Amino acid sequence: MSPIGVFDSGVGGLSVLAALRAELPRERFVYFADTAFAPYGERGDAYVIERSRKVTGQLVAEHGIKALVVACNTATTAAIHMLRAEHPVLPIVGLEPALKPAVAASRTGHISVMATRGTLASAKYAALRDSFAGPASVRAVPCDGLVKAIEGFDTEAIAALCARYMAEAGPFGNASGEVDTVVLGCTHYPLVKNELQRHAPPGLRFIDTGAAVAQQTRRVLASLDRLADSGDGGLLLQGSGELAVLEAAAAHWLPQPRQNGTTATAANVA
Ligand code: DGL
């Protein structure tokens with residue numbers, strides 16, 4: 001069986017890959033981190049579309065992937081329509097900020113969405129908000145610089161930026177007018193959830209899309225009869241940047257990176 005391709009601008013999609021591997025332990029995955037060209041979120045659509053097309057073309061040509069998961073809100077927002085048009089028979093699963101479940105879960109009706117500037121400025125996000133916000137108050141919090149800090153393992157910058165953006169996302173609480181639910185609308189942010197939680201009262205709800213995307217991927221593959229029925233998984237790591245850094249990131253961010261006898265092998269791709 002061919003592998004499932006997963007890509008992100010960098011290591012953020014590892015948060016989605018972890019959910020995919022938990023949901024689909026028999027599947028083989030190729031994860032592509034476009035690190036040399038990250039971050040995507042502050043660069044505009046044309047750039048993100050070009051990179052997404054290159055990476056997808058590479059995953060299709062080299063690995064004959066049976067499905068693609070765009071593990072990046074920014075790339076989904078800017079490029080998924082183009083990728084679907086260019087690869088009409090390839091099932092493509094994308095991500096968008098989990099506004100709908102957040103609105104359903106919130107008691108106070110006050111929600112904050114942390115995401116990249118690109119995602120929050122997009123027409124797709126505006127449409128999402130118009131469809132699902134209803135009477136809820138939804139605050140957009142663009143977290144400039146946070147992806148770069150995570151990519152660079154810059155713990156000092158991560159701590160400072162998490163403090164700053166959580167202050168912008170609040171005030172938190174369960175009283176009227178307070179935010180009780182925060183959407184992590186960038187796949188990098190679940191990686192630093194512990195740091196974000198340091199600035200949150202107990203009980204603040206964080207919502208991300210990893211598990212939902214993994215379930216959707218299962219549904220799509222099942223409907224096409226493309227689920228692997230044997231095998232014990234497998235993971236190939238590729239990227240446009242330093243492979244040693246990607247391997248270190250996978251070892252750091254993926255729970256049990258070598259579960260199920262999986263070997264993470266790196267191969268560089270320009
Ligand atoms: N991880 C990405 C997202 O979900 C992209 C971050 C970036 O490259 O700015 O939006």
Side-chain angles (χ1 to χ4, degrees), residues 5-20 31-56 68-81 83 92-99 102 112-126 128-129 140-154 157-158 161-162 165 182-193 195-196 206-214 216-217 237 239-242 245-246 249-250 252-254:
V6 182
F7 87 88
D8 177 47
S9 61
V11 300
L14 293 173
S15 68
V16 180
L17 181 65
L20 283 163
Y31 181 88
F32 191 100
D34 200 18
T35 335
F37 298 88
Y40 285 177
E42 293 150 48
R43 283 190 153 121
D45 283 2
Y47 181 93
V48 179
I49 288 170
E50 195 209 322
R51 289 311 309 161
S52 300
R53 291 171 77 182
K54 281 217 164 108
V55 171
T56 302
L68 176 71
V69 178
V70 182
C72 175
N73 293 265
T74 312
T76 300
T77 299
I80 201 163
H81 59 290
L83 301 179
I92 303 181
V93 178
L95 258 86
E96 54 191 19
L99 210 55
S112 286
V113 181
M114 303 175 84
T116 67
R117 194 164 282 281
T119 295
L120 294 171
S122 69
K124 216 167 188 298
Y125 175 73
L128 190 70
R129 197 191 48 217
V141 183
C143 302
D144 293 348
L146 186 51
V147 165
K148 193 162 175 241
I150 295 168
E151 287 292 324
F153 285 110
D154 184 344
I158 290 170
L161 291 169
C162 285
Y165 295 129
V182 173
V183 175
L184 300 180
C186 167
T187 54
H188 281 73
Y189 305 165
L191 301 177
V192 295
K193 191 165 153 193
E195 194 58 44
L196 295 168
F206 288 94
I207 300 194
D208 74 74
T209 15
V213 165
Q216 172 65 3
T217 305
L237 294 173
S240 54
E242 264 298 323
V245 176
L246 176 57
H252 185 75
W253 300 119
L254 278 182

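One-based numbering along the sequence shown. Small disclaimer: the values here were computed from a predicted structure and weren't measured. Counting starts at 1 for both ligands and their atoms, in listed order.
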Looking at Thr77 and Thr119, would you say the former's side chain and the latter's main chain have a donor-acceptor pair under 3.5 Å?
no

Table of N or O contacts for ligand 1, cutoff 3.5 Å:
unit_1	atom_1	unit_2	atom_2	d
ligand 1	1 (N)	Asp8	OD1	3.0
ligand 1	1 (N)	Thr187	OG1	2.9
ligand 1	1 (N)	His188	ND1	2.8
ligand 1	4 (O)	Asn73	N	2.8
ligand 1	4 (O)	Asn73	ND2	3.1
ligand 1	4 (O)	Thr187	N	2.9
ligand 1	4 (O)	Thr187	OG1	3.3
ligand 1	8 (O)	Ser9	OG	2.6
ligand 1	8 (O)	Tyr40	N	2.6
ligand 1	9 (O)	Tyr40	N	3.4
ligand 1	9 (O)	Gly41	N	2.7
ligand 1	10 (O)	Thr74	N	3.1
ligand 1	10 (O)	Thr74	OG1	2.6

Distance col, row Ser122:OG vs Leu120:CG, nearest 0.5 angstrom, shows 7.5 Å

So how far is it from Leu14 CG to Leu254 CG, rounded to the nearest 0.5 Å?
5.0 Å

For the residue pair Ala249 and Phe153, what are the closest heavy atoms and their distance?
CA-CZ, 3.7 Å

Mind jotting down which residue pairs meet the salt bridge (Lys or Arg N to Asp or Glu O under 4.0 Å) criterion with at least one end in residues 37-47? Sequence neighbours excluded, please.
none

Looking at every heavy atom in both Leu246 and Ala33, which two are closest together, and how far apart are they?
CD1-CB, 3.7 Å

